[in-house]
Amino acid sequence: MASAAFSAKSDAIVTIERHILEQQRFHPEATGVLTSLLYDLALAGKMVTSQMARAGLAQILGKTGDINVQGEQVMKLDELADETIYLVNDHTGRLAVMASEEHKEIIPIPERFSPGKYVLLFDPLDGSSNIDYNAGVGTIFAIYQRVSPENTPGTMQDCLQPGHKMVAAGYIVYGAATMFVYTTGQGVHGFTLDPSIGEFLLSHDNIRIPAQPTYYSVNQGYFTRWSPGVQKFTQHLQNMTSETKTISMRYVGSLVVDFHRTLLAGGIFYYPADVSKPEGKLRLTYEANPLAFIAENAGGYASNGHERILDIIPNSLHQRTALYIGNRELVKEAEDYIQKFG
Ligand code: AHG
Ligand code: MN
Ligand code: MN
């Protein structure tokens with residue numbers, strides 16, 4: 001039964017296209033462009049899913065031999081996802097400019113196409129280190145309205161807006177099933193791809209992060225590199241018992257997968273700054289910000305350990321940040337431990 005792939009809360013069959021269209025109702029000023037932009041990203045998600053399904057055959061696993069602006073090995077799937085998202089979006093007239101983890105500079109819209117009013121920042125493939133082990137990976141995106149004048153090429157300033165200016169954010173998780181989760185500020189909604197009909201169907205309507213935390217998620221391999229506050233906070237979590245059971249630990253090493261589980265099961269994901277990464281590892285503009293926007297729209301919170309992620313004014317496209325994200329109380333507790341113990 002194809003619909004076994006998802007457990008919709010109601011028996012209504014709602015496609016992502018239908019849902020996005022209905023969301024437009026909340027934005028009277030909407031001209032449908034944002035709606036179409038979200039469709040395009042859902043299309044890109046379907047395309048990457050099918051490319052991944054063929055990965056083993058098409059030999060696109062493994063490394064390209066290139067090193068990206070982050071100084072990291074570029075995986076072939078990184079490039080494929082990056083190219084897919086670019087090609088789906090460069091000619092639509094909806095975007096003024098794009099920026100991607102895989103490109104050092106902003107990505108201009110080709111002159112032959114008229115620039116639109118939105119800005120798209122994305123991590124085309126998050127969790128690259130997991131690709132060859134068939135663990136979950138994903139795509140993360142943030143959408144802003146341009147701040148530079150209409151009908152001119154988009155600028156770096158368009159891409160360096162604080163997260164609270166975001167108009168939409170989402171991610172796609174390529175796991176056992178492909179899921180598309182997005183928010184336009186009116187709740188967080190999850191769709192599961194039914195590959196037999198090529199449709200994303202509503203499976204998680206209005207996701208709210210559970211009040212009861214289930215997991216904490218951090219790479220404890222770096223424990224000795226953390227500040228005393230982070231070490232003590234982690235020990236606090238290890239001693240913590242929520243009403244029914246102790247809080248357990250899960251860490252996949254793909255931010256988008258670790259975040260998705262945190263959002264659905266409740267808890268906290270954190271990637272602290274440490275002695276070898278004083279600024280943290282995760283990137284502010286296309287990893288921390290979009291997920292922070294989603295977390296807050298699901299009743300959660302996200303901080304860099306000192307301040308709200310969405311209030312940080314980006315200085316550069318690939319700037320890194322520490323990230324604490326999930327249940328508001330746990331993130332605030334992390335801030336308290338860091339404030340008290342450093
Ligand atoms: P990306 O694959 O886009 O470079 O992101 C990888 C990130 C993130 O997905 C994950 O949370 C983190 O790297 C894992 O880092 P560690 O291996 O240091 O834990
Ligand atoms: Mn990433
Ligand atoms: Mn990536």
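Read the numbers this way: they start at 1 and go in the same order the structure lists the ligands and their atoms.
In this structure, the separation between CD1 on Ile16 and CG on Leu193 is 10.0 Å, given to the nearest 0.5 Å. The line from CG of Leu237 to CE of Met249 is 11.0 Å long, rounded to the nearest 0.5 Å.
Here the heavy atom of the protein found nearest to atom 3 (O) of ligand 1 is Asp123 OD2, 3.0 Å. Among protein heavy atoms, atom 5 (O) of ligand 1 sits closest to Asp126 OD1, 3.1 Å. Atom 1 (P) of ligand 1 has as its closest protein heavy atom Gly127 N, 3.6 Å. In terms of protein heavy-atom proximity, atom 19 (O) of ligand 1 is closest to Tyr251 OH, 2.6 Å. The nearest protein atom to atom 13 (O) of ligand 1, hydrogens excluded, is given as Lys281 NZ, 3.0 Å; this is a heavy-atom distance.
The ring of Phe200 has its center no closer than 6.0 angstrom to the ring center of Phe191. Ring centers of His19 and His189: under 6.0 Å apart, within the cut-off. For Tyr286 and His318, the gap between ring centers is short of 6.0 Å.
Applying the salt bridge (Lys or Arg N to Asp or Glu O under 4.0 Å) test to Arg146 and every residue at least two apart in sequence or in another chain returns nothing. Take Arg261 and apply the salt bridge (Lys or Arg N to Asp or Glu O under 4.0 Å) test, not counting sequence neighbours, and it matches Asp258.
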When you look at Tyr39 and Leu21, which way does the side-chain contact (heavy atoms from CB on, under 4.5 Å) test go after all the steps? CA-CA 10 Å; Tyr39 288 177; Leu21 215 49; 3.6 Å; yes
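Few gaps surround CG on Asp311; more than 12 heavy atoms of other groups in view lie less than 6.0 Å from it.
In Arg283, the part holding a heavy atom less than 4.0 Å from any atom of ligand 1 is the side chain. Only the side chain of Leu282 comes within 4.0 Å of ligand 1, judged by heavy-atom distances. When heavy-atom distances to ligand 1 are checked against a 4.0 Å cut-off, Ser254 comes that close only through its backbone atoms N, CA, C and O. Residue Asn219 touches ligand 1 through its side chain alone, judged by heavy-atom distances below 4.0 Å.
Looking at Leu255 next to ligand 1, an N or O pair under 3.5 Å apart turns up. The shortest N/O to N/O separation between Lys277 and ligand 1 does not fall below 3.5 Å. Below 3.5 Å of separation, one finds no N or O of Ser129 facing any N or O of ligand 1.
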Using residues 112-122 as the side-chain source, report each donor-acceptor pair under 3.5 Å to any protein atom, sequence neighbours left out, with the distance given to one decimal.
none

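If you number the atoms of ligand 1 from 1 as listed, the ones under 4.0 Å from a heavy atom of Ser128 come out as 2 (O). Numbered from 1 in the order shown, with element, the atoms of ligand 1 that lie under 4.0 Å from a heavy atom of Glu101 read 1 (P), 3 (O), 4 (O). Close contacts of ligand 1 with Glu287, meaning ligand atoms under 4.0 Å from a residue heavy atom, involve 3 (O), 5 (O). Close approach of ligand 1 to Tyr271 is summarised as follows: ligand atoms under 4.0 Å from at least one heavy atom of the residue are 15 (O), 16 (P), 18 (O), 19 (O).
Protein N/O/S atoms closer than 2.8 Å to the Mn ion (ligand 2), listed by chain and residue number, are Asp123 OD2, Asp126 OD1, Glu287 OE2.
With salt bridges taken as basic N to acidic carboxylate O contacts below 4.0 Å, one links Glu296 and Arg308. Between Arg283 and Asp123 no salt bridge is recorded (no basic side-chain N to carboxylate O distance below 4.0 Å).
For the pair Lys232 and Tyr337, the cation does not sit on the ring face, since its NZ or CZ is not both under 6.0 Å from the ring centre and inside 45° of the axis. In this structure, Lys340 fails the cation-pi test against Phe233, since its NZ or CZ atom is not both closer than 6.0 Å to the six-membered ring centre and inside 45 degrees of the ring normal.
Taking a 4.0 Å cut-off on heavy atoms, Leu125 registers as neighbouring ligand 1.
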